[in-house]
Enquirer: 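Could you have a look at this structure, given as structure tokens, before my questions?
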Amino acid sequence: MEKDDYRDYGGFGSGRGYDNNYKKIPGRRPVTDYGTSMVQWIRNRRPAGYGGGLLEAERPSWSYIVDAHDSAIRAAVYSHSEEWLISADHEGVVKFWQTNFNNVREVQAHSEAIRDLAFSPNDEKYVTACDDATLKIYNFAADKAESTLTGHNWEVKTADWHPSKGLLVSGSKDHQVKLWDPRNGRCLTTLHGHKNTISKTSFEPHRGVLLATCAREQTARIFDLRMMRDVCLLKGHEKDISTLTWHPIHHNLLSTGGSEGCIYHYLLDEPNTPPGAPTTISPYDSPDPANTAAQTIYPAHKVQHAHDFAVWSLCWHPLGHVLASGSNDRVTRFWTRPRPGEVDIFKDKYHIGEAAAEAQGTFDRRGGRRELRDQEEQEMEDEEDGLVDQTMPARSALPGLPGLAQPSDQRSNFVPLPDMLPPFPMIPPPPPNFAAMDQSRFASLMADGKIMVPPPPVPGTALPPPPPNFDFSKLPPEILAKFPGGVPPASLIPPLPLPPHTSGMAIPPPPIPGMNGLSGLLPGMLPTGLPGMDADSNSAKRRIPLPSQQDSLKEEQRRGNYRSAR
């Protein structure tokens with residue numbers, strides 16, 4: 001589905017007034033969200049024993065959505081108890097689903113595409129309409145086909161079960177509407193009122209005395225089952241009518257969808273005859289109902305540009321305040337009545353088109369791009385806020401520590417608290433006793449990098465003596481290559497570890513003999529004025545370059561690892 005699938009409330013009106021970021025959209029009205037109040041009413045506040053069963057239940061989690069079928073789904077219907085869902089696909093397979101979308105059963109009902117499904121009033125049976133020109137009645141509990149209805153001369157496109165009686169209706173590509181007795185599979189009568197493929201048949205859900213049919217032509221018809229004839233002829237569509245639906249509360253309201261993407265609403269007790277059209281009389285008001293022609297009814301309201309392509313399905317909310325429409329443009333829209341006093345709603349792009357709405361100032365073609373830009377800006381702000389939230393608090397530092405920011409003017413007399421100081425003096429460990437080492441142990445420490453080559457010592461500084469009788473000429477050539485000129489100095493010292501950070505304080509290490517004043521630097525920092533740094537740089541915060549992978553591999557090979565190339 002597209003981006004604004006759930007934004008086009010307005011049905012008789014237009015889109016909602018806020019975007020996904022709860023920002024006001026210019027030119028759009030705010031719409032009341034019935035979701036929260038409806039859920040609370042269904043769960044907690046609905047009186048026990050009021051009316052029949054519950055109107056609806058809470059929707060399952062999106063994680064229960066699965067790949068339902070291996071081919072295109074052509075029909076789906078809930079049982080009257082709302083405990084089961086059955087769906088049919090293009091290969092003739094029917095699947096049973098629980099409310100959590102758990103697939104319980106699979107039935108190969110037909111060998112061709114199933115176009116429609118319908119449950120019996122007590123949910124014990126269901127009927128399938130197929131492209132093989134037949135209808136089949138299945139026992140839902142026993143999962144067994146009870147009867148096959150034959151009589152249509154072409155593909156059966158639609159079927160419906162009477163809401164209270166043992167009566168079936170079907171519509172076919174042979175332009176015929178047939179009524180069936182589901183107990184013996186006998187065709188009771190055939191209604192000839194259309195001149196094209198029947199696209200939808202539906203019984204009126206309240207009293208059940210009316211039958212609505214539409215075909216791939218510009219008209220729909222209302223039949224009275226008591227007289228077995230059409231009493232209303234619905235006109236107004238300029239192209240084929242693809243679907244229709246009855247209102248769940250008002251039995252005189254019928255909605256239709258056309259192949260040009262429009263949605264029309266008809267009131268069966270109000271003809272709404274346009275100027276210049278002939279006025280007709282209802283058969284109910286005629287002294288000769290059997291011979292009076294059907295009354296022509298025109299739409300009470302039009303949503304001329306509801307979708308870009310054909311409207312394939314329509315369905316009212318059980319409360320009757322929202323109409324859902326599905327179209328071939330891969331968009332699902334939800335429509336509701338406008339608020340009292342809102343007149344601009346009938347001048348939006350869904351009623352008069354994008355060009356006319358833009359001319360009147362009720363639609364902006366750049367609105368979609370502007371809304372997308374606003375969403376991107378909001379996402380960037382949210383990301384920045386998230387980065388700020390994840391930022392660690394600044395660590396305190398002692399004044400005069402090189403490479404770190406100095407305290408602000410307000411805290412120039414900053415004195416660290418006792419709990420911020422380390423619990424004991426950070427005294428570096430003494431250097432190892434080289435005299436107690438043999439030459440092999442000393443060479444292994446050199447190879448592992450645990451003994452580093454210091455710069456020339458400062459005059460007057462005492463260094464630990466080298467091991468006695470140590471022959472530096474016997475060291476491996478790769479170790480001797482580390483010394484300037486290939487000649488080792490008079491003494492070697494091990495590296496001293498830096499003290500850890502305690503209580504958020506960076507404690508400088510003590511001076512290291514022979515380091516020429518490089519003490520007090522944190523790892524990864526170099527002082528200013530060294531080779532390779534900018535002369536005009538005032539910051540001493542520089543990272544030491546990491547060793548290359550090739551050098552690391554050679555070092556591992558010298559240690560005896562990864563000798564063979566991979």
Side-chain angles (χ1 to χ4, degrees), residues 1-21 23-31 214 216-220 234-245 255-267 272-277 298-314 322-377:
M1 296 192 299
E2 292 184 357
K3 182 179 178 181
D4 58 341
D5 291 353
Y6 295 94
R7 298 182 182 179
D8 297 314
Y9 293 79
F12 301 100
S14 67
R16 70 181 186 181
Y18 299 90
D19 58 12
N20 289 342
N21 300 317
K23 290 184 176 180
K24 186 70 174 65
I25 300 177
R28 294 193 182 181
R29 63 183 177 87
V31 175
C214 65
R216 291 180 181 174
E217 54 189 21
Q218 292 82 11
T219 61
L234 309 184
K235 291 185 177 181
H237 282 271
E238 299 177 357
K239 294 185 179 180
D240 302 347
I241 302 178
S242 53
T243 186
L244 56 81
T245 183
S255 302
T256 61
S259 60
E260 71 273 24
C262 64
I263 298 177
Y264 289 177
H265 304 279
Y266 294 88
L267 295 175
N272 296 303
T273 305
Y298 292 92
H301 185 83
K302 297 181 180 181
V303 187
Q304 197 70 40
H305 305 273
H307 288 274
D308 297 334
F309 296 98
V311 179
W312 291 117
S313 60
L314 291 173
V322 174
L323 174 66
S325 62
S327 170
N328 198 30
D329 58 5
R330 301 181 181 180
V331 174
T332 301
R333 290 193 169 106
F334 297 86
W335 311 86
T336 186
R337 294 177 62 90
R339 293 181 176 181
E342 290 185 343
V343 295
D344 291 340
I345 216 66
F346 303 106
K347 300 178 181 179
D348 62 3
K349 66 175 182 178
Y350 302 107
H351 289 80
I352 62 178
E354 293 184 356
E358 188 175 14
Q360 296 191 12
T362 57
F363 173 69
D364 184 7
R365 295 181 183 271
R366 299 171 298 176
R369 294 191 294 269
R370 183 177 62 252
E371 183 177 349
L372 180 61
R373 184 176 64 253
D374 293 342
Q375 291 182 359
E376 293 177 352
E377 293 177 357

Enquirer: Suppose we screen for ring-ring contact (aromatic ring centres under 6.0 Å, His included). Which residues come up paired with H237, at least two apart in sequence or across chains?
Expert: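 Partners of H237 under the ring-ring contact (aromatic ring centres under 6.0 Å, His included) test: Y264.
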Enquirer: How many angstroms lie between atom NZ of K302 and atom NE2 of H351, to the nearest 0.5 angstrom?
Expert: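 These two atoms lie 11.5 Å from each other.
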Enquirer: Relative to the ring of H301, is the ring of H265 parallel (under 30°), tilted (30 to 60°) or perpendicular (over 60°)?
Expert: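 Rings of H265 and H301: tilted, as their planes differ by 30° to 60°.
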Enquirer: Once you round to the nearest 0.5 Å, how far does CH2 of W312 lie from OG of S259?
Expert: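 Going from the CH2 atom of W312 to the OG atom of S259 covers 8.0 Å.
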Enquirer: Within this structure, what is the NE2-OH distance for the pair H307 and Y350, rounded to the nearest 0.5 Å?
Expert: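 Taking NE2 in H307 and OH in Y350, the distance rounds to 9.0 Å.
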Enquirer: Does E260 have any side-chain hydrogen bond (donor to acceptor under 3.5 Å, both in side chains) partners at least two apart in sequence or in another chain, and if so, which?
Expert: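 Not a single residue meets the side-chain hydrogen bond (donor to acceptor under 3.5 Å, both in side chains) criterion with E260.
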Enquirer: Do the side chains of R216 and I241 get nearer than 4.5 Å, heavy atoms only?
Expert: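 Heavy-atom side-chain distance check fails, nothing below 4.5 Å.
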Enquirer: Check whether any side-chain heavy atom of I263 sits under 4.5 Å from a side-chain heavy atom of S325, and report yes or no.
Expert: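 In contact.
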Enquirer: Quick check: does any side chain N or O of T219 sit under 3.5 Å from a backbone N or O of L234, one acting as donor and the other as acceptor?
Expert: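 Not a single qualifying donor-acceptor pair exists.
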Enquirer: Excluding sequence neighbours, so at least two apart, what forms side-chain hydrogen bond (donor to acceptor under 3.5 Å, both in side chains) with T245?
Expert: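 For T245, no residue satisfies side-chain hydrogen bond (donor to acceptor under 3.5 Å, both in side chains) once neighbours in sequence are set aside.
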Enquirer: Taking all non-hydrogen atoms of both residues into account, name the closest pair between C214 and S242 and its distance.
Expert: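 So the two residues come closest at SG-C, 4.4 Å.
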Enquirer: Rounded to the nearest 0.5 Å, how far does CG of L314 lie from OG of S327?
Expert: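 Interatomic distance, S327 OG to L314 CG, rounded to 0.5 Å: 10.0 Å.
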Enquirer: Between CG of N272 and NZ of K235, what distance do you get to the nearest 0.5 Å?
Expert: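 Here the interatomic distance stands at 15.0 Å.
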Enquirer: Have a look at I352 and tell me which of H305, E358, Q360 forms a side chain to side chain contact (heavy atoms under 4.5 Å, CB included) with it.
Expert: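 Output: one option passes, namely Q360.
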Enquirer: Ignoring hydrogens, what is the shortest heavy-atom contact between G236 and P299? Give both atom names and the distance.
Expert: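 Here G236 and P299 meet closest at CA-CD, 4.2 Å.
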Enquirer: Does D308 reach the main-chain N or O of D329 with its side chain, forming a donor-acceptor pair under 3.5 Å?
Expert: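 No, D308 side chain to D329 backbone: no donor-acceptor pair under 3.5 Å.
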